[in-house]
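Along the sequence shown, residues are numbered consecutively beginning with 1. For the numbers below, each heavy atom of this structure counts, side chains included, while hydrogens, waters and symmetry mates do not.
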Amino acid sequence: MMFSIVDLFPRHGVSAKTKLVYLGSADSDLLSWVRSLNLEHVSPAEMMRSEISRRRSVTAATEATLAIMRKWFFARKPDAGFVLTDFPATLLQAKVFDEWLDTRGEMLAGVASSETTSVELVEHYRTLGLHIERSELASS
């Protein structure tokens, strides 16, 4: 499936300040779309490769993911756009991420999800009015 930013944000257009989240791992079509937006693509999965190989406990891995993502989030320029994949992966991570955004006075433009994303995570972003429904994603 190819994604079209115009269909997602018809009133806003694309800017270098756009902040998007994709709940789940990005497939090749999504990555092509991300590259076409010329936004930074961030994935804790890429940052955590060495941590995963150490076979940490789930709690330690979650804490490490939050630490790495917090470092990235607060080190970047506030007006820099991004497409974030694989994070947040849990409702707890989503709530922590929401607090980070609030702290910096930033907002997401939208949140899309994979078919395997937990219902509670999708509902969290749907309640916030940020979830982009599959029917809104254009295919070409």
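- Remark: side-chain polar atoms of Glu123 are not paired, donor with acceptor, to backbone N or O of Val119 under 3.5 angstrom.
- Under a hydrophobic-cluster definition in which Ile, Leu, Val, Met, Phe, Trp and Tyr are linked whenever side-chain heavy atoms come within less than 4.5 Å, directly or via other members, Val122 and Val83 are assigned to different clusters.
- Distance check: Leu128 CG to Met107 CE gives 9.5 Å after rounding to the nearest 0.5 Å.
- Between Phe73 atom CZ and Leu84 atom CG the span is 9.5 Å, to the nearest 0.5 Å.
- When side chains are defined from C-beta on, Leu20 does not count as touching Phe82, because their heavy atoms never get closer than 4.5 Å.
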Please set out all donor-acceptor pairs under 3.5 angstrom arising from side-chain atoms of residues 95-103, sequence neighbours excluded.
| unit_1 | atom_1 | unit_2 | atom_2 | d |
| --- | --- | --- | --- | --- |
| Asp98 | OD2 | His124 | NE2 | 2.6 |
| Thr103 | OG1 | Glu99 | O | 2.8 |

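- Residues Pro88 and Tyr125 form a side-chain contact, since some pair of their non-hydrogen atoms from C-beta on lies under 4.5 Å apart.
- Between the side chain of Thr117 and the main chain of Leu23, a donor-acceptor pair closer than 3.5 Å is present.
- In this structure the side chain of Phe87 reaches within 4.5 angstrom of the side chain of Leu66, judged on heavy atoms.
- When the salt bridge (Lys or Arg N to Asp or Glu O under 4.0 Å) test is applied to Glu106, the partners found at least two apart in sequence or on another chain are Lys19, Arg76, Arg104.
- Between Ala94 and Leu121, the shortest heavy-atom contact is CB-CD1, 3.6 Å.
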